[in-house]
Amino acid sequence: MMRRSFNLLKVLALGAACLAAPTAQAQDFPNRPIKIVVPAAAGGPTHITAQMLAEKMQASLGQPVIVEPKPGAGNNLGAEFVAKSAPDGYTLLFATTGTHAINQTLFKKLPFDPIKDFDPVSLVVQYPLMLVVSSDLPVKSVKELIEYARKNPGKLNRASGGMGTSMHLSGELFVKQANIEAPHIPYKGSAPALNDLMGGHVQLMFDSMITTMPLVESGQLRALAVTGKKRSPLLPNVPTIAESGLPDYEATGWTGIVVPAGTPRDVIMKLNGAIVEAIKSPPVQEAFRKQAAEPVGSSPEEFAAFIRKETDKWGATIRAAGISAD
């Protein structure tokens with residue numbers, strides 16, 4: 001009888017220990033360096049944004065936060081690596097529009113599930129693109145561009161820095177909502193596309209504000225609109241597409257932090273607190289805005305809802321245009 005009681009006590013103690021383990025883990029977290037995997041090349045805007053965030057997170061978490069670029073396969077290589085990592089909060093993915101809203105429709109098969117294999121932590125930034133046209137195109141507004149396209153069928157070609165990028169898909173969303181024709185011509189990167197746009201070989205393009213602003217300010221390109229919900233403080237005189245005649249139009253790139261599915265809730269919330277605190281700090285906000293990025297910060301639930309909305313929008317755009325990366 002005593003042995004049976006002793007065994008029962010052992011079982012109860014083991015169960016209590018199992019229940020307490022996640023809480024203990026969260027209390028001890030972090031006790032070693034944290035890695036943020038960036039699925040894009042070092043030195044690019046995504047990598048720079050991640051570094052800004054990581055530097056501020058370190059102070060809050062008391063451990064080094066290391067940024068590790070893992071580019072390749074349309075951002076899928078880095079995302080796959082994190083999806084298969086331990087769900088302990090020490091390996092984070094700097095998720096992008098590509099990894100979590102575009103690629104699951106663009107590619108027939110992915111080595112991970114953007115929804116099932118990750119838990120959202122926080123949206124970090126959104127960044128609008130800019131609609132620019134060649135300086136010799138006789139249009140000065142979105143309304144004039146749409147009118148020109150309708151009166152001159154076959155005269156507009158639309159460049160982008162690559163098939164399936166947010167720049168490409170922002171253009172697809174635009175031509176669909178404007179009900180115009182402007183065939184897409186993909187380039188291997190923004191630089192050759194912008195060169196051809198300045199040379200008048202193509203007529204319009206959606207691209208990042210950081211890349212296009214110097215060309216607009218020098219008169220080599222003309223800015224017609226930005227793609228976000230509101231005007232950019234960097235170019236306050238440039239209207240949004242929504243206020244230029246297409247009220248339902250909004251297209252932004254974005255980045256956020258996600259972790260492998262199954263990461264303890266308390267760990268997720270500790271990471272969320274550090275991320276939101278970092279984003280709200282004035283130096284980080286100023287640094288982000290200089291990169292034409294709008295700081296956000298969100299709850300995990302808000303980020304999850306945002307991902308679902310973005311997935312629906314870009315999935316519908318990709319299917320309507322018949323785009324595939326395979």
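Computation of the quantities below employed the complete heavy-atom set of this structure, encompassing side-chain atoms and omitting hydrogens, waters and symmetry-equivalent molecules. On a predicted model such as this, the values are computed, not experimentally measured, just so you know.
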message: Before you tell me yes or no, could you show the steps for N103 and N75 under side chain to side chain donor-acceptor pair (under 3.5 Å), namely the whole-Å CA-CA distance, both residues' side-chain angles and the distance that decides it to 0.1 Å?
response: CA-CA 9 Å; N103 288 357; N75 290 349; over 6 Å; no
Looking at [Y], is its backbone amide N or carbonyl O close enough to the side chain of [X] to form a donor-acceptor pair, meaning the two atoms are under 3.5 Å apart?
{"X": "D117", "Y": "D113", "answer": "yes"}
{"X": "S298", "Y": "L123", "answer": "yes"}
{"X": "K270", "Y": "F29", "answer": "yes"}
{"X": "T99", "Y": "T96", "answer": "yes"}

side-chain contact (heavy atoms from CB on, under 4.5 Å) with [X]: which residues, sequence neighbours excluded?
{"X": "P33", "answer": "Q63, P64, I66"}
{"X": "S232", "answer": "M209, L234"}
{"X": "D248", "answer": "Q177"}
{"X": "P239", "answer": "R231, E243, S244"}

Can you confirm whether [X] sits close enough to [Y] that some side-chain heavy atom of one is under 4.5 Å from a side-chain heavy atom of the other?
{"X": "Y90", "Y": "N31", "answer": "yes"}
{"X": "V132", "Y": "D207", "answer": "no"}
{"X": "I275", "Y": "L53", "answer": "yes"}
{"X": "N272", "Y": "M269", "answer": "yes"}
{"X": "V284", "Y": "P295", "answer": "no"}

At their closest point, which heavy atom of [X] faces which heavy atom of [Y], and how far apart are they?
{"X": "T97", "Y": "G253", "result": "OG1-CA, 3.4 Å"}
{"X": "A321", "Y": "E172", "result": "CB-OE1, 3.7 Å"}
{"X": "P71", "Y": "P69", "result": "CD-C, 3.6 Å"}
{"X": "L156", "Y": "P183", "result": "O-CD, 3.1 Å"}
{"X": "A54", "Y": "V67", "result": "CB-CG2, 3.6 Å"}
{"X": "V65", "Y": "Q58", "result": "N-OE1, 2.9 Å"}

message: Run the salt bridge (charged side-chain N to carboxylate O under 4.0 Å, His left out) test against E310 and tell me which residues pass, sequence neighbours left out.
response: K313
- request: Please step through salt bridge (charged side-chain N to carboxylate O under 4.0 Å, His left out) for the pair K56 and E277, ending with a clear verdict.
  value: CA-CA 8 Å; K56 204 67 180 176; E277 181 182 338; over 6 Å; no
Could you tell me the separation between the [atom1] atom of [X] and the [atom2] atom of [Y], rounded to the nearest 0.5 Å?
{"X": "M167", "Y": "T212", "atom1": "CE", "atom2": "OG1", "answer": "9.5 Å"}
{"X": "I257", "Y": "L271", "atom1": "CD1", "atom2": "CG", "answer": "8.5 Å"}
{"X": "D196", "Y": "N157", "atom1": "CG", "atom2": "CG", "answer": "10.5 Å"}
{"X": "L197", "Y": "S190", "atom1": "CG", "atom2": "OG", "answer": "11.0 Å"}
{"X": "L204", "Y": "L145", "atom1": "CG", "atom2": "CG", "answer": "6.0 Å"}
{"X": "T91", "Y": "K84", "atom1": "OG1", "atom2": "NZ", "answer": "14.5 Å"}

query: Restricting to pairs with a member in residues 176-199, which pass ring pair (Phe, Tyr, Trp, His ring centres under 6.0 Å), not counting sequence neighbours?
result: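 Counting only pairs at least two positions apart or across chains, the ring pair (Phe, Tyr, Trp, His ring centres under 6.0 Å) contacts touching residues 176-199 are H168-H184.
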Ring pair (Phe, Tyr, Trp, His ring centres under 6.0 Å) contacts in which one or both residues fall within residues 223-264, not counting sequence neighbours: W254-F303, W254-F306
task: Quick one: do V82 and L92 satisfy side chain to side chain contact (heavy atoms under 4.5 Å, CB included)? Show the steps, please.
output: CA-CA 7 Å; V82 176; L92 321 180; over 6 Å; no
- prompt: Heavy-atom count around E181 CD within 6.0 Å, excluding the residue itself: above 12?
  reply: no
Only distances under 3.5 Å count here; give the side-chain donor-acceptor pairs of residues 213-230 to other protein atoms, sequence neighbours excluded, each with its distance to 0.1 Å.
{"from": "S218", "atom 1": "OG", "to": "P214", "atom 2": "O", "distance (Å)": "3.1"}
{"from": "S218", "atom 1": "OG", "to": "L215", "atom 2": "O", "distance (Å)": "3.1"}
{"from": "S218", "atom 1": "OG", "to": "Q220", "atom 2": "OE1", "distance (Å)": "2.8"}
{"from": "R222", "atom 1": "NH1", "to": "L137", "atom 2": "O", "distance (Å)": "2.7"}
{"from": "R222", "atom 1": "NH1", "to": "V139", "atom 2": "O", "distance (Å)": "2.8"}
{"from": "R222", "atom 1": "NH2", "to": "S135", "atom 2": "O", "distance (Å)": "2.8"}
{"from": "T227", "atom 1": "OG1", "to": "L129", "atom 2": "N", "distance (Å)": "2.8"}
{"from": "T227", "atom 1": "OG1", "to": "L129", "atom 2": "O", "distance (Å)": "3.4"}
{"from": "T227", "atom 1": "OG1", "to": "A251", "atom 2": "O", "distance (Å)": "2.4"}

field: Test side chain to side chain contact (heavy atoms under 4.5 Å, CB included) applied to T105 and W314, step by step
entry: CA-CA 8 Å; T105 309; W314 294 125; over 6 Å; no
Check for me, please, whether [X] and [Y] land in the same ILVMFWY cluster - side-chain distances under 4.5 Å, paths through other members count.
{"X": "V276", "Y": "V258", "value": "no"}
{"X": "I34", "Y": "F94", "value": "yes"}
{"X": "L169", "Y": "L246", "value": "yes"}
{"X": "M205", "Y": "I210", "value": "yes"}
{"X": "V142", "Y": "V133", "value": "yes"}

query: Between K290 and E286, does a side chain to side chain contact (heavy atoms under 4.5 Å, CB included) hold up when you go through it step by step?
result: CA-CA 6 Å; K290 283 182 179 177; E286 183 181 357; 3.6 Å; yes
task: Please confirm whether K70 makes a cation-pi placement over F81, using NZ or CZ under 6.0 Å from the six-membered ring centre and within 45° of the ring normal.
output: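 Here K70 passes the 6.0 Å and 45° test against F81.
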task: Please lay out, stage by stage, how E294 and R289 fare under the test side chain to side chain contact (heavy atoms under 4.5 Å, CB included).
output: CA-CA 6 Å; E294 188 62 32; R289 289 193 171 112; 3.1 Å; yes
Ionic contact status for K140 with E147, cut-off 4.0 Å: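 Looking at E147 and K140, the cut-off is not met.
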- prompt: Can you name the ring-ring contact (aromatic ring centres under 6.0 Å, His included) partners of F206, sequence neighbours left out?
  reply: F174
field: Set of ring-ring contact (aromatic ring centres under 6.0 Å, His included) partners for H47, sequence neighbours left out
entry: none
query: Should side-chain heavy atoms under 4.5 Å link Ile, Leu, Val, Met, Phe, Trp and Tyr, which residues sit in the same cluster as L77?
result: none
message: Show me the pairs that pass side chain to side chain donor-acceptor pair (under 3.5 Å) and involve residues 120-132, at least two apart or across chains.
response: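 Output for this query lists Q126-T252.
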